[in-house]
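Everything below concerns the one structure shown next.
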Amino acid sequence: MADFLTSQNEDFSKWYNEIVQKADLADYSPVRGSMVIKPYGYTLWERIRDELDRRFKETGHVNAYFPLFIPMSFLEKESDHVEGFSPELAVVTHGGGSELEEPLVVRPTSETIIGHMYAKWIRSYRDLPVLINQWANVVRWEMRTRLFLRTTEFLWQEGHTAHATRLEAEEETLRMLDVYTDFAVKEAAIPVIPGRKSESEKFAGAVASYTIEAMMKDGKALQSGTSHFLGQNFAKAFDIRFLDETNEQQYAWTTSWGVSTRMVGAVVMAHGDDQGLVLPPHIAPIQVVIVPIWRKDAERDAVLEAAEGIRQRLVALPASPGSALRMRVELDRREGVSPGWKFNDWEMRGVPLRVEIGPRDIANQNVMIARRDVPGREGKMLLPMAELEAQVPTLLEAVQTAIYEKAVAFRDSHTYDVSSYDELKEAVETGFARAWWAGDAEDEARVKDETRATVRCIPTEQPGGSGTCVYTGRPATEVAVFGKSY
RNA sequence: CGGGGCGUAGCGCAGCUUGGUUAGCGCGCACGGUUUGGGUCCGUGAGGUCGGCGGUUCAAAUCCGCCCGCCCCGACCA
């Protein structure tokens, strides 16, 4: 792929915007900053959603739905929260033809309305924990928007839990960070760095925020999921109290965590190449596409019949080892476009495996298989037709693993352990800098001012020992990851 | 809201400096033929308030003013 690290930001943005639209993921809506997610893009989101949801259920969470409109006064109950969100609120002042007594905000996130409900629902320690997730849309009036990465309205899941003890809530926060990490690595094939946010970067109203940070192909960071330990901040603001075992009133400890449609953008920017999307098989809307090839009308029927036979054999297989889903296979029956055109078309859409079948293959009882992750003719191989069931699942897993490993190699080769401020400045031009950090907000602000880079996170996995800050020389016991971000 | 770039057919663009017949090109689209194992080729055709409003002029896509919108960089941020 073109080297976006040495080129202008504009080039990568152009590539991204073009691919997102050409691959049929999304289109701009007439309203500034909002987008239409097209069926192909939505199916990709559904795959992400289902994989996450499966994990939420496995960890004991249930889904519910809370209202879109929130009374303005709810946000004002938590001072950090309202301060953080008020600049980006969409406010409804009129309804049913008359002015409302109290303005309603379109939820930018649901801590407040959910906090209000939890206060009603929770009376006793026996009611805890409450482990609820909701799939919803939220609205944030951002100044600058970008397809999938930052849109005025976006889809996400937000989990909100309440616990009897601080420890339990902290464990929940980290457990969900693990769930996100597991999803990113195993399904989205994106290596992420889980860690804690700095004070200046944490969620408005949280005691501590955690994040998974991914590296895009231009070396920039993308916050791909967050998990917050809210302490008793929202419990006190919304009066979420319960009687404990000793008949004492206690405030609950709460958490919230979310992953949004931004994850679609992360997949595009982490794996894509000059030909377009490269989708991980586990979440690809179409895992295998069959392109039939014929020259004369007489060959057409036989080829299509053989292609349909292959389709039926493949859809009978599981989508991935152990999955309850069946393999997602598409037979491209379009006429009037050449096979070469179809090859390019499906590559643009990132389909992991392509099966080509023509008269020659039928005669020889084999098919040509092309891997999306290996560009051009090098990714093609001949496969005996009898081995489809044995080989296609293996190949899909091979693609899944290969693109993950490629992403790991890219990230690692653009992550630098730095020991001086000059090295840090140089490192963040092309990737991440790992540096000792003492958590000083003023210095963080200065680095941001001079380099545009911020503390992406203080990784959960630390090297241990101690060192000195690269710019102040202060003693430090933790390493932080610095980088430019979206 | 600041700095930079742009706005001409569905998409991508030329034309503007130096005003002058009927505003062009590529892709896409429709029809016919040809082709189909890596984006076939040929022909015919449809498609335009030149972002909007105002001004200068015999004459404006072109010059001037104001406004609107988009993109990139910053502030904001999942």
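Lettering of chains follows the sequences in order, A, B, ..., and the numbering in each one begins at 1.
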Check: Taking the six-membered ring of Tyr486(A), is the NZ or CZ of Arg262(A) close enough (under 6.0 Å from the centre) and on axis enough (within 45°)?
Finding: no
Next item on the list: Mind checking Arg360(A) for me? I need base, sugar-phosphate or nothing, with any heavy atom below 4.0 Å counting as a touch.
Entry: base
Checklist line | Whole-Å P distance, rA23(B) and rA60(B) | finding: 13 Å
Next item on the list: Determine the contact category for Arg354(A): base if any of its heavy atoms lies under 4.0 Å from a base atom, sugar-phosphate if only primed atoms, P, OP1 or OP2 are that close, otherwise nothing.
Entry: base
Margin query: Please classify the nucleic acid contact of Leu149(A) as base, sugar-phosphate, or nothing, using heavy-atom distances under 4.0 Å.
Written below: base
Check: Is Gly258(A) touching bases, backbone alone, or none of the nucleic acid, heavy atoms closer than 4.0 Å?
Finding: nothing
Item checked: Phosphate-side-chain proximity, Arg300(A) and rU36(B), N/O vs OP1/OP2 below 4.0 Å -> no
N/O contacts under 3.5 Å, protein versus nucleotides 39-46 of chain B?
{"residue": "rG39(B)", "atom": "O4'", "partner": "Asn344(A)", "partner atom": "ND2", "Å": "3.2"}
{"residue": "rG39(B)", "atom": "N2", "partner": "Trp341(A)", "partner atom": "O", "Å": "3.4"}
{"residue": "rG39(B)", "atom": "N2", "partner": "Trp341(A)", "partner atom": "NE1", "Å": "2.9"}
{"residue": "rU40(B)", "atom": "OP2", "partner": "Ser338(A)", "partner atom": "OG", "Å": "2.4"}

Margin query: Please classify the nucleic acid contact of Glu347(A) as base, sugar-phosphate, or nothing, using heavy-atom distances under 4.0 Å.
Written below: base
Notebook entry, point to check: Where the side chain of Arg140(A) is concerned, which of rA78(B), rC72(B), rU36(B) is the nearest nucleotide?
Noted result: rA78(B)
Check: When all nucleic acid strands are considered with a 4.0 Å heavy-atom cut-off, which category describes Thr151(A): base, sugar-phosphate, or nothing?
Finding: base
Next item on the list: Using only side-chain N and O atoms of Lys14(A), determine if any of them is under 4.0 Å from OP1 or OP2 of rC6(B).
Entry: no
Check: Which whole-number value in Å describes the distance from Phe343(A) CZ to rG38(B) C1'?
Finding: 6 Å
Check: Given rC76(B), is OP1 or OP2 found less than 4.0 Å from the side-chain N or O atoms of Arg144(A)?
Finding: no
Notebook entry, point to check: Name the stems that RNA chain B belongs to, where each is three or more consecutive Watson-Crick or G-U pairs with both distances under 3.5 Å?
Noted result: B:1-7 with B:68-74, B:10-13 with B:24-27, B:29-33 with B:41-45, B:51-55 with B:63-67
Check: Quick one: is Asn17(A) getting a side-chain N or O under 4.0 Å of the rC72(B) phosphate, OP1 or OP2?
Finding: yes
Next item on the list: Can you tell me, in whole Å, how much space there is between the P of rC13(B) and that of rC71(B)?
Entry: 14 Å
Margin query: Rounded to whole Å, how long is the line connecting atom CG of Asp332(A) with atom P of rG38(B)?
Written below: 16 Å
Margin query: Any N or O donor-acceptor pair under 3.5 Å from the base of rG74(B) to the side chain of Lys448(A)?
Written below: no
Next item on the list: Please work out which of the three classes, parallel, tilted or perpendicular, describes the rings of Phe234(A) and His81(A), given edges at 30° and 60°.
Entry: perpendicular
Check: For Gln223(A), which contact category applies under a 4.0 Å heavy-atom criterion: base, sugar-phosphate, or nothing?
Finding: sugar-phosphate
Next item on the list: Any chance you could measure Trp141(A), atom CH2, to Glu88(A), atom CD, to the nearest 0.5 Å?
Entry: 12.0 Å
Check: Is the shortest side-chain N/O distance from Arg146(A) to OP1 or OP2 of rA78(B) below 4.0 Å?
Finding: no
